[in-house]
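As the structure is a computational prediction, the values presented were derived from the model and not from experiment. The figures here come from the full heavy-atom set of this structure, side chains too, leaving out hydrogens, waters and symmetry mates. Ligands are counted one by one from 1 in listed order, and the atoms in each one are counted from 1 as well.
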Amino acid sequence: MAATKIARRDPTEHDVQIEILFCGICHSDVHSVRNEWSEFMPTVYPIVPGHEIVGRVIQVGSAVTKFKPGDFAAVGCMVDSDGTCPECQAGFEQFCPNMTLTFNSPDKHLGGVTYGGYSESIVVDQRFVLRVPSNLDLAGTAPLLCAGITTYSPMHHWKVGKGKKVGVVGLGGLGHMGVKIAHALGAHVVVFTTSPKKKEDALRLGADEIIVSRNVDEMQKHVESFDFILDTVSADHDINAYLNLLRRDGNITLVGAPPKPLSVAAFALIPRRRSLSGSNIGGVAETQEMLDFCGKHSITADVEVIPIQKVNEAYERLLQSDVKYRFSIDMASLKSE
Ligand code: NAP
Ligand code: ZN
């Protein structure tokens with residue numbers, strides 16, 4: 001990756017211009033930069049990734065009521081939607097057929113594609129700008145905008161809470177947020193990891209139990225016991241091993257997005273009326289709800305703050321599952337490019 005100049009539109013009357021202070025590095029950035037999702041959303045180069053954005057408002061349009069210059073503000077994975085379709089009307093902007101992603105999505109204003117948060121500033125319609133709880137550290141808040149909402153939304157939908165046994169597969173950026181949120185919701189939280197060295201961290205983050213997923217005996221002890229499992233794994237893996245751990249009517253939700261299809265055994269689903277589903281980030285109102293929830297429970301991501309100059313190294317480490325547990329880029333470092 002290398003520095004380049006990009007254009008941002010002048011704020012229209014509904015726009016908020018934000019100086020970006022921190023931007024998290026999501027594994028989706030890596031998938032996109034490498035064009036690994038070419039079948040579903042081919043990458044248009046040059047790409048500016050980044051959809052975990054926190055910054056300071058520097059300018060607002062005349063019709064903006066939610067923000068004023070100087071406020072802290074955040075932007076996640078979406079910057080626009082049509083606002084009129086049934087999904088938008090129901091608060092599910094993330095499923096709007098005309099939704100604009102923060103990067104690599106057709107840009108309605110400037111043509112070309114949208115450019116994301118690895119940049120100095122961004123201009124976004126106020127509908128898609130979120131308020132940041134004042135008690136939270138900004139570097140650790142940035143990852144909430146994707147990793148936070150992507151784990152909060154399905155847990156909310158599947159009623160994770162007290163008395164529920166909940167699994168989180170993969171202790172990376174999404175996974176560690178899933179653990180913190182499930183713990184705050186009062187669930188019994190079990191982490192499945194391929195990295196035995198993450199055991200102590202998992203407990204510190206709020207897990208009640210840790211299972212090294214390659215250990216068949218450990219897995220076997222938990223057969224038919226889970227109400228809900230959140231699968232955050234970014235690469236090919238055996239989902240049937242986890243389906244077998246669900247009790248009757250239990251659900252596994254996939255949020256991890258491996259480029260290749262997973263194979264599912266019918267007999268892992270049928271016997272206990274189990275279900276397998278997916279989930280895509282969350283709507284705007286739900287994202288604000290998640291931020292407020294995190295403010296109330298003092299939840300932020302565990303971040304390694306890096307300058308932009310270390311971004312290529314960070315991608316290599318992410319591919320080795322070597323991050324504790326999210327990289328957050330200090331965007332002030334861009335000034336020395
Ligand atoms: P990440 O930080 O790299 O974490 C992924 C974790 O998966 C790793 O830490 C590792 O955990 C585990 N893992 C990696 N390779 C594995 C393998 N071959 N077999 C088994 N486990 C493996 O990534 P992330 O940023 O959390 O993103 C995870 C996935 O979610 C990505 O595919 C991303 O694109 C997707 N995503 C989806 C949404 C959505 O809306 N649905 C939103 C954001 C991201 P252990 O070391 O603990 O095993
Ligand atoms: Zn993301």
- Task: Give a yes or no on this: more than 12 heavy atoms of other residues, nucleotides or ligands lie within 6.0 Å of atom CD of Gln220.
- Result: no
- Query: Does any non-hydrogen side-chain atom of Leu319 lie less than 4.5 Å from one of His27?
  - Reply: yes
- Query: Is the closest side-chain donor-acceptor distance between Lys198 and Thr193 under 3.5 Å?
  - Reply: no
- Flag the pair His188 / Lys164 as yes when at least one side-chain heavy-atom distance between them is below 4.5 Å, and no otherwise. no
- Query: Taking only residues at least two apart or on different chains, which pairs with a member in residues 233-259 satisfy salt bridge (Lys or Arg N to Asp or Glu O under 4.0 Å)?
  - Reply: Asp227-Arg247, Asp249-Arg273
- Task: Begin with the C-alpha distance, continue with both residues' side-chain angles, and end with the deciding distance and a verdict on side chain to side chain donor-acceptor pair (under 3.5 Å) for Gln309 and Glu337.
- Result: CA-CA 8 Å; Gln309 290 76 9; Glu337 276 297 302; 2.9 Å; yes
- Passing candidate, side chain to side chain contact (heavy atoms under 4.5 Å, CB included) with Cys77, options Thr150, Ile281, Thr287, Ile53: Ile281
- Query: Transitive ILVMFWY cluster of Ile229 at side-chain heavy atoms under 4.5 Å: who else is in it?
  - Reply: Val169, Val190, Phe192, Ile211, Met219, Val223, Phe226, Val233, Ile239, Tyr242, Leu243, Leu245, Leu246, Ile252, Leu254, Leu262, Val264, Leu269, Leu276
Less than 3.5 Å apart, N/O on ligand 1 and N/O on the protein: could you list those pairs with the distances?
{"residue": "ligand 1", "atom": "2 (O)", "partner": "Gly173", "partner atom": "N", "Å": "2.8"}
{"residue": "ligand 1", "atom": "3 (O)", "partner": "His27", "partner atom": "ND1", "Å": "2.7"}
{"residue": "ligand 1", "atom": "9 (O)", "partner": "Lys198", "partner atom": "NZ", "Å": "3.3"}
{"residue": "ligand 1", "atom": "11 (O)", "partner": "Leu171", "partner atom": "N", "Å": "3.2"}
{"residue": "ligand 1", "atom": "23 (O)", "partner": "His27", "partner atom": "ND1", "Å": "3.4"}
{"residue": "ligand 1", "atom": "25 (O)", "partner": "His27", "partner atom": "N", "Å": "2.9"}
{"residue": "ligand 1", "atom": "25 (O)", "partner": "Arg326", "partner atom": "NH1", "Å": "2.6"}
{"residue": "ligand 1", "atom": "26 (O)", "partner": "Gly173", "partner atom": "N", "Å": "3.4"}
{"residue": "ligand 1", "atom": "26 (O)", "partner": "Leu174", "partner atom": "N", "Å": "2.8"}
{"residue": "ligand 1", "atom": "32 (O)", "partner": "His31", "partner atom": "NE2", "Å": "2.8"}
{"residue": "ligand 1", "atom": "32 (O)", "partner": "Ala257", "partner atom": "N", "Å": "3.0"}
{"residue": "ligand 1", "atom": "34 (O)", "partner": "Ser28", "partner atom": "OG", "Å": "2.8"}
{"residue": "ligand 1", "atom": "34 (O)", "partner": "His31", "partner atom": "NE2", "Å": "3.4"}
{"residue": "ligand 1", "atom": "40 (O)", "partner": "Asn280", "partner atom": "OD1", "Å": "3.4"}
{"residue": "ligand 1", "atom": "40 (O)", "partner": "Ile281", "partner atom": "N", "Å": "2.8"}
{"residue": "ligand 1", "atom": "41 (N)", "partner": "Val255", "partner atom": "O", "Å": "3.0"}
{"residue": "ligand 1", "atom": "41 (N)", "partner": "Ser279", "partner atom": "O", "Å": "2.9"}
{"residue": "ligand 1", "atom": "46 (O)", "partner": "Ser195", "partner atom": "OG", "Å": "2.5"}
{"residue": "ligand 1", "atom": "46 (O)", "partner": "Lys198", "partner atom": "NZ", "Å": "2.6"}
{"residue": "ligand 1", "atom": "47 (O)", "partner": "Leu171", "partner atom": "N", "Å": "2.7"}
{"residue": "ligand 1", "atom": "47 (O)", "partner": "Thr193", "partner atom": "OG1", "Å": "2.5"}
{"residue": "ligand 1", "atom": "48 (O)", "partner": "Thr194", "partner atom": "N", "Å": "2.8"}
{"residue": "ligand 1", "atom": "48 (O)", "partner": "Thr194", "partner atom": "OG1", "Å": "2.6"}

- OG-NZ distance between Ser195 and Lys197, expressed to the nearest 0.5 angstrom: 5.0 Å
- Cut-off under 2.8 Å, centre the Zn ion (ligand 2), protein N/O/S atoms: Cys26 SG, His51 NE2, Cys146 SG
